[in-house]
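All remarks here apply to the structure that follows.
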Amino acid sequence: METILKGTEQTVRISPDLPTVIIGERINPTGRSWLTSQLTTGNLEVLKEEATNQLEDGAHVLDVNVGAASVDEADLLPAAIELVQSVVGVPLCIDTADNDALEAALQVYQGKPLVNSVNGEEKNLERVLPLVAEYGAAVIGLTMDDEGIPKDPHQRLAIAKKIVERAESVGIPREDVLIDCLALTVSAEPDAAVITLNTIELVREELGVNQALGHSNVSFGLPDRPVINRVALGMVIRAGVNAPIVDAAEVKQSILAADLLLGRDQYAMNYIKYYRAQHQ
Ligand code: THG
């Protein structure tokens, strides 16, 4: 099970047998008023630094989300994609709920992107999947539908299954579908993380597809979020997530450690290389 993504220069492979692929989350105005104000005034230059910094921090793929109230995404998203691709060669993850913005972004994208996202809602499947197929992209499928996010892992699995089958029916191979079992904050729902972990395991066992996760959501509203994010990350990687959407600066070492402990880093080469590079 291997998902291949392409940027202008680099190819990234996502597979259960390979080290975890880090999707950098920081090109996203949510909760960042300064970035929001830059985007609403059409100032995209800041995204260049946000992109290169994340690569230095160890991200392999960059999520690009410019969604904010008062932003015309259909206008801004393709511009952001072009700008980010002019400074970094890695694949991008196009993060939008706006179909016009998605199509405009796919038109300018060079390579094979990851579309973020489709969900189990009928209308959404019908809108998003044909675009993914037409542009030969890969896609993240969220385990939610018109009735919301089920609490029962088997119901979330059923949505994942439906997304994979519908993708295949329009010509998208299952290798190009990553499932996101949805991380919700544990401050609102005590069982939130356990439900997500159980769903991830079920999806791994029943579908065997690669898995993304908007991981930082787990700690919303709590103090010392990095410690929660780091501890939870080891658990979700063990359960089956191999392409988490995270802040690389915050969790890079934890991911290297998790891969090492799970036998995905022969002779600790990646782990040691990282620390050698830090001390040069
Ligand atoms: N699944 C998928 N895609 C997603 C999500 C998901 N994309 C968006 C989001 N959820 C994942 N990305 C983020 C990005 C930032 C934060 C959380 C998730 C975050 N930001 C801080 C905040 O809002 O407080 C601000 C950080 C800062 O100030 O630097 O927590 O679930 N497929």
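Numbering of ligands and ligand atoms starts at 1, following listing order.
- Remark: ligand 1 atoms within the under-4.0 Å shell around heavy atoms of Asn28 are 8 (C), 12 (N), 14 (C).
- Here the heavy atom of the protein found nearest to atom 16 (C) of ligand 1 is Glu25 OE2, 3.9 Å.
- In summary, the atoms of ligand 1 found under 4.0 Å from a heavy atom of Leu142, numbered by their order in the structure, are 32 (N).
- The residue Leu182 has no part lying near ligand 1, judged by heavy-atom distances below 4.0 Å.
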- request: Let me see the working for Lys112 and Asp176 under salt bridge (charged side-chain N to carboxylate O under 4.0 Å, His left out), right down to the final yes or no.
  value: CA-CA 10 Å; Lys112 179 182 175 188; Asp176 283 336; 2.8 Å; yes
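- Nearest protein heavy-atom contact of atom 28 (O) of ligand 1 is Arg32 CG, 3.6 Å.
- Glu121 has no carboxylate O lying under 4.0 Å from a charged side-chain N of Lys162, or vice versa, which leaves the two without a salt bridge.
- When hydrogens are left out, the protein atom nearest atom 29 (O) of ligand 1 is Arg26 NH1, 3.3 Å; that is the closest non-hydrogen contact.
- Arg174 has no carboxylate O lying under 4.0 Å from a charged side-chain N of Glu165, or vice versa, which leaves the two without a salt bridge.
- Around the CZ atom of Arg238, the shell of radius 6.0 Å holds no more than 12 heavy atoms that belong to other residues, nucleotides or ligands.
- Listed by number with element, the atoms of ligand 1 under 4.0 angstrom from any heavy atom of Ile245 are 2 (C), 3 (N), 32 (N).
- With respect to atom 6 (C) of ligand 1, the closest heavy atom belonging to the protein is Gly214 CA, 3.5 Å.
- Counted by atom type alone, Asp63 and Asn116 present one or more donor-acceptor pairs between their side chains at under 3.5 Å.
- Looking from atom 7 (N) of ligand 1 to the surrounding protein, the closest heavy atom is Asp95 OD2, 2.8 Å.
- Atom numbering of ligand 1 starts at 1 in the shown order; those under 4.0 Å from a heavy atom of Gly31 are 23 (O).
- Taking distance alone, with nitrogen or oxygen atoms compared against 3.5 Å, Asp63 stays at or beyond that limit from ligand 1.
- If you check the side chains of Thr20 and Asn242, you find no donor sitting under 3.5 Å from an acceptor.
- Counting protein heavy atoms only, atom 3 (N) of ligand 1 is closest to Asn116 ND2, 2.9 Å.
- Close N/O approach between Asp180 and ligand 1 is found [any backbone or side-chain N/O within under 3.5 Å].
- Those atoms of ligand 1 that come under 4.0 Å of a heavy atom in Ile140, given as number and element, are 32 (N).
- The option with the heavy atom closest to atom 19 (C) of ligand 1, from among His215, Glu50, Glu250, Arg225, is Arg225.
- Side-chain contact between Ile23 and Pro244 is absent, with no heavy atoms from C-beta onward closer than 4.5 Å.
- A salt bridge does not link Asp57 with Arg26: every distance from a Lys NZ or Arg NE/NH1/NH2 to an Asp or Glu carboxylate oxygen is 4.0 Å or more.
- Ranking the protein heavy atoms by distance from atom 20 (N) of ligand 1 puts Thr30 O, 4.1 Å first.
- With hydrogens and angles left out, the side-chain atoms of Thr30 and Asn28 include a donor and acceptor closer than 3.5 Å.
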So Val84 and Lys48, side-chain contact (heavy atoms from CB on, under 4.5 Å) or not? Walk me through it. CA-CA 6 Å; Val84 173; Lys48 287 186 179 175; over 6 Å; no
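- Annotation: Gln107, atom CD; neighbour count of heavy atoms from other residues, nucleotides and ligands within 6.0 Å is above 12.
- At a 3.5 angstrom cut-off on N or O pairs, Ser216 does not count as close to ligand 1.
- The N/O atoms of Asn217, backbone and side chain alike, include one that comes under 3.5 Å of an N/O atom in ligand 1.
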